[in-house]
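Only heavy atoms go into these numbers, but all of them, side chains included; no hydrogens, no water, no symmetry mates. Order of the sequence lines fixes the chain letters, A, B, ..., with proteins taken first and strands second; residue numbering starts at 1 for each chain.
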Amino acid sequence: MSRSLSAQHIVKHYGGVVALSDGNLNIQSGEILALIGANGSGKSTMSKVINGVVDFDGGQLLLDDKPVQIPSPQAAKNLGIATVFQELSLVPQMTIADNIWLTREPLKSTKAINRKLINQRTEELLALFEGTLRTKIHPELPVSTLPPDEKQIIEILKAISLNPWLIILDEATASLDSRQVDRLFELIRRWKAEDKAIIFISHRMEEIFRIADRFSVLRNGKTVGDGNMKDITDKQLVQLMIERENVYEFTKASTAAEKTTSTNPVYLEVEDLETDTIRGISFKVKEGELVGIGGLRGQGQRDLLLAIFGDIPYSGKIKIKDQAVHFKNPRTAIKHSIALVPGERAREGLLYIRSILENLHLPNWDKYGFPLKIRKAQEDARKIGLRLNLVMASLMEPVSSLSGGNAQKVVIGKWLLRDPQCYLLDDPTKGVDVNTKSEFYSLLTGLCKDGKTILFYSSDDDELIGLCDRVLVLHDGVIRAELTGETLTKENLVAASLGVTNGGAA
Amino acid sequence: MKRLYISPPVAALILAIILFLLSGFLPNGFGNDINIAIAQATNILRLSVFLGVIAAGQTLVILSGYEGIDLSAGSVVTLTAILTYVLVNGRDEKVFYAFLIALLAGALVGLINGLGITFLKISPFVMTLSMSGVVTGLIIIINHGNVSGKVAPIMTRLIARPLSPNIPIPNAIIIWVIFGILMWLLLERTTFGKHVFAIGVNRVTSRLSGINVNATNLAVYSLAGALAGFGGFLVVGNTGVVFIALGQPFLFPSIAAVAVGGTLLSGGKGSYWGTMAGAIVLTLITSLLTTMQMPESIRRVVLGATLLVMISIYGRQRGFRQ
Amino acid sequence: MRRTSWETLTTKYPALFSIILIVVALLINLSLQPNLFSRDTLNSNLRVFLPSVLLAVGQAFVILGGGIDISVGGIVSIVNTVLAVQVGLNGSVEKMWLYVGISLLIGIICGALNGFFIAVLRLQPIITTYATSFLFGGLALFVLPNPGGGIPQSIANIYRSTTPLGIPLGFYIIAILILLWQYLRSTRYGSYLYSVGGKADAAYETGVPVTWINFSTYVISGLMAALSGIAITMLSGSGNAEIGSPMTLTAITAVVIGGTPLSGGIGGITGPIMGALTLGIIQNIVSFAHVNTWWETFVKATIIVVALAAPGIINLFGRRKS
Amino acid sequence: MLKKSLFYIGMLTLIASMILSACAAPTAAPEVTTAPATEAVQPTEVVATQAPATEAVQEPTTKKFTIGISNPFISSEYRTQMIAELIETNKEYMDKGLTNELVIESVDTDVAGQIQQLQNLMAKNVDAILVNPGDVNGLNATLEEAVKKGILVISVDQELNVPGVYNVGIDQKEWAKTSAKWLAEKLGGKGNIVQIEGFPGHPANVVRMEGVAEVLKDYPDIKVLASDTGKWDEATGQQVMSNFLAAYPNLDGYWTQDGMAIGALQAVIAANPPKWPIAVGEGRCQFLKLWEEVLKDHPDFDSVAVANPPGVSPTGLRIAINMLLGKQVDKTKLGGVNGLSFVIPVPIVVTKDNLQEGLDICKDKPDVYLLDGIMSEEEVLSTFFVK
């Protein structure tokens, strides 16, 4: 039976903020719809409306052309709608199996949960992603022990296990590596063949063009366009999203032709670095150099950055300007003029309920003496805000009032004031809209011009190729390849990511 | 619809004023005698001072988040009061020395709390609860039936008496106002204060932003202990005598004062102004119930119900459905 | 594998540490009191420990679900006063049964009240149950302003001296509680409970009836508090409106010593039961070890602090080595 | 999950089997120690008045008595002084070779905890238990059990109505009446007063307030404006009095008890009302000293202090030991609801006239010292025992 869901003129306010003013969406079984929009355009709110998490203020939902109420996630599930959340809906302390089957556990006649069956079914689900998972996963492992990409996969499996007719994938690929994405797309096509409907939300244009049949574009809470993918180009889509032209041309400006980094002194030198997940990592970065770190997700990139930053214990040598250092904590690293923009900005980079001002100054208060010269601090923060083109109501508003991209600007902004010599960036553009991305790129380029050293991990290959002088590709905790100049191509990058060693000088 | 937003300290203060005015019209209230009204208001403020000061450490600990709470505050008040009493023993010149010892003793208990909570990962509730038992044990050992001492005249003069015969404002209130300003400076105008808020919200972010989370947490608990010690010093200056159960009655009201003052019990957001207002509200309610001659059972019910109403106004957590 | 085997073990068996603790405590107690395992001694000990065991079980449910309930003492008091007033020293067995039933109902209603404020209105658990503890305590005082009344000695004796097959009644009750828990843990309810305590937002998005689960933990806690109130009434045979208030904090300490942290979502019920028993045994140890009277409180509290700190110290130690 | 439950059940059965095996072993026979001291009217009358030392010579088999103390509340000076005096008094008897060291169970605890204390004392085979009960009826069953085991049980400070359990204490009602009468007379039977009471519902407080009410009934012109609980502590007492003084600046007098009196007086000093009320105080050195101090500035100030002696417990200890020695109690001297109460007279009432006398007692005592009176061995024997 062919089914359909339609959202019409959805309105949703959060306090005084309008998240959706006129949200529209139509989907039928056997169809893959890409829901597209810049950050803060209302995509997530839209998916939450359909999933019953959000209580909307106006408009209506039609299921199979009949009005329907979806008052809770449970109700959505009963209607055959499953959602893969961007913010994971997994309980970290519980096991994989418990998480996947939560609320739908198979029971024995005694009403006790049938452990055997639950584990067996979980194994079957895990088999769908077999080969793309790094560790041997057992259904009774607590979710908290898994890396982010595997958590995301569990989240996907949890949605599939419902056997829904409509699956919403909200940024589900953001933390997956390319092999995992490929596998997911295979599955999506299979579901499509099974006459399921898929709503696909992603910032990666390439993925959208690869998989989606139709698109629906949100801008500032309003649906501004929909149609078939084959009738539109990426540039046109971007224009729909942002009302501005050509910002998608992000890469070319970056490597700044006149740069003469080769003559600059080496700033950071890493020798034989080893932690739980990486080993034998050695490289040098010069002043004014932007070095990328690539590879599939979870190959030790994060640990590499955290180790340099002193947040996790390591063995090996790290030299800064020829001086050996061994940071025991981020504090001392910061004192040595190093900054880190962490990977999960909500959990690691921001104080959500505190003001923008306080977030910007978090590492910097010691500069303002006693009693703190608040006026001076506000002035400085305002300058940073201007420099980053930070869109905000006031410095005293909480960070939680900002959109994702603007929040990420705050994470970077707090370091600009310290003006560190070396930036460690852990996937800073993850889940950030294209507009903000391009602003970032020019910021990074500017920093390099000022002679700063940047170590830049990104899960977006295009970004690395476009932006970096040099890319170190990590695979399974070691540097598999170092790509520069001509060898820095997408082919080589992907090959090295997969552990194929012919990708250039190692 | 934009909702009218009143900050919790202001709301608590308004509530206090309404309650106070209300109390005037009760059978035993001040009626329309302005002198009695002023006397009552002064008295209530003076009584709020001790609760307010003891609740200062509680505010810090609660702000530092991660289930922060200090259940040892009551027994620390007793301990430091007894120490002050014994060390001063009626001599003015020993007051400052005893004051320092009181702060130090409080800080030491707080430090042990902090060590257990920070490094052994014991939840603050149980750690401070158990330390309260240890401190009570210490008090019994020190005291055992023959503690001998005396409050110095200067303490009584500085704490319990009015500023001067012509200005009938008790010194305690003046001390409290200065203390409030210092607390505000500490929380809002020092790096340490900013760090307390930061670790109360998110310790990972704090650590990655270069804050020494463990040291800050240790400092918070030590400081909270020291502030309870200061509370003990003030209380003994007021009562002039010590006894083993001196501090315990302040413990739970100190937490309630923080909550009524609008500080998030989950940490990271709040103010000492709020706690001051909360202390006044609680003292007012107690005194109001006294004036109304309620039996103890009704008083408790009323106090419980009032607390429930107040936290219902601004103590609600975000709902799951948005 | 960087994890120490100790950590792995404790994740798998949350009650492990508490069982080690209780065995150690039992051995020390046995060495000081050789007739510990005689039927009479055991029975007299267990009947004393049982009220706090029951209270700890209820508390553990709430804590597992991510909350805390400091109003349980008040519920114990209400039940105790209602039984003492309504059944009376000369009441009949039928009357006793009737009021046992009513007591359970009271427990459920009190728990539901907490649940309503916390789960439905989403108020902060600590401060809410603090407020309702006043409410309940006040009601208990209302029912019985002065200590007195009681239940017939003959009925109390059933609780005090029933030892089927030579094993004290308490053992059966504890065994039943553990079995019930193990079953409940394996049902959907158990899963829901852990998910709500672990990450309530995620549980909600998955479709777990978070509000109801939260609500239910407070109802269970109220029910267990009522049972505890019945047990302590049978033990003491008398009514006293203040009987419950000192029991609350003991119960919370028992839960934490039993390896169920206040953060929720981890642990179980078996540990807290062991924890409650351990606290009682510690009292025995202090009593039989001929500790100097003045040091008794200090020694007891210090033992508890050490017991709380032990897992943390082991973990610190384990991490250093690896 | 199954594995886990099996694990726990295994642990349980392990413990259970340990117990069962222990149960099989013969339990210690408590009967052996049964010294039917209370009923035994042996020829003790003959030796009663003789010095115990000679007795010891005559009967080398006389065992030393072990006496247990159960106290569930330590957070008060009354209790700490009580414990200290018990230890002190027992030393006399230890020197005479009559008793062993006291077995003291004294921590802050609840009813269940005090039951545990008593059970532990029984398990330690004590000959007598002195209990300061934390609950009027809550210990009944346990105390009866102790009596059945042949242990001499004496409740101190708080009268219990349990068959076989003796009480030693002052008459709380009379105690309260003394100061209430004094106040009423000082006021000339007319005026406005307030009351600050102890824990509402606490038996001692209830009886005391009954006493006060009885006295005031005879003085219809004395108006009680308000009454509140000071929870028996100085700080609350001070707080309550401050409230009263703010509401009623023209008080004629106030009645209070125990430690709250100091707090109340502090409040009066702080408020310094135009007319100082007539104050009921307490028999504690601290209060007497404060009183003396106040008199310097306000020579008209008047107060009274009626001692509430912790010494009733050591007196109880003396009674217990003599009973254990088999000396016969003169039942006609006993009072109380079931005729098992030793009523100890109030040792001292301090008024303005004999304030100096009270201060002299306090000279070498700590401030927290409560005016006290422990009956001597001779007094105990002559007052309560058959000669």
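Contact annotation for Ala346(A): only backbone heavy atoms (N, CA, C, O) come within less than 4.5 Å of a heavy atom of chain B. For Asn329(A), no part sits under 4.5 Å from any heavy atom of chain B, backbone or side chain.
Taking all atoms of both residues into account, the shortest heavy-atom contact from Lys414(A) to Thr205(B) is NZ-CG2, 4.1 Å. When every heavy atom of Ser209(B) is checked against every heavy atom of Leu362(A), the shortest pair comes out as OG-CD2, 3.4 Å. Ser206(B) and Leu351(A) make their closest contact through OG-CD2, 4.2 Å (heavy atoms, listed as atom of the first residue, atom of the second, distance). Between Arg347(A) and Asn202(B), the closest heavy-atom pair is O-ND2, 2.9 Å.
Note on Asn212(B), Leu185(B), Leu186(B): by heavy-atom pairs under 4.5 Å with chain A, the leading option is Asn212(B). Note on Ile211(B), Val204(B), Thr190(B), Leu208(B): by heavy-atom pairs under 4.5 Å with chain A, the leading option is Leu208(B). If you tally non-hydrogen atom pairs under 4.5 Å between each of Ala377(A), Pro363(A), Pro342(A), Ala339(A) and chain B, the highest count goes to Pro363(A).
Considering only heavy atoms from C-beta on, Glu348(A) stays 4.5 Å or farther from Arg207(B) through its side chain.
Listed by first and then second residue, the salt bridge (charged side-chain N to carboxylate O under 4.0 Å, His left out) pairs that reach into residues 171-192 of chain B are Glu188(B)-Lys194(B), sequence neighbours excluded.
Atom CD of Glu358(A) sits about 7.0 Å away from atom CZ of Phe197(B), to the nearest 0.5 Å.
Atom CD of Glu397(A) is surrounded by more than 12 heavy atoms from other residues, nucleotides or ligands within 6.0 Å.
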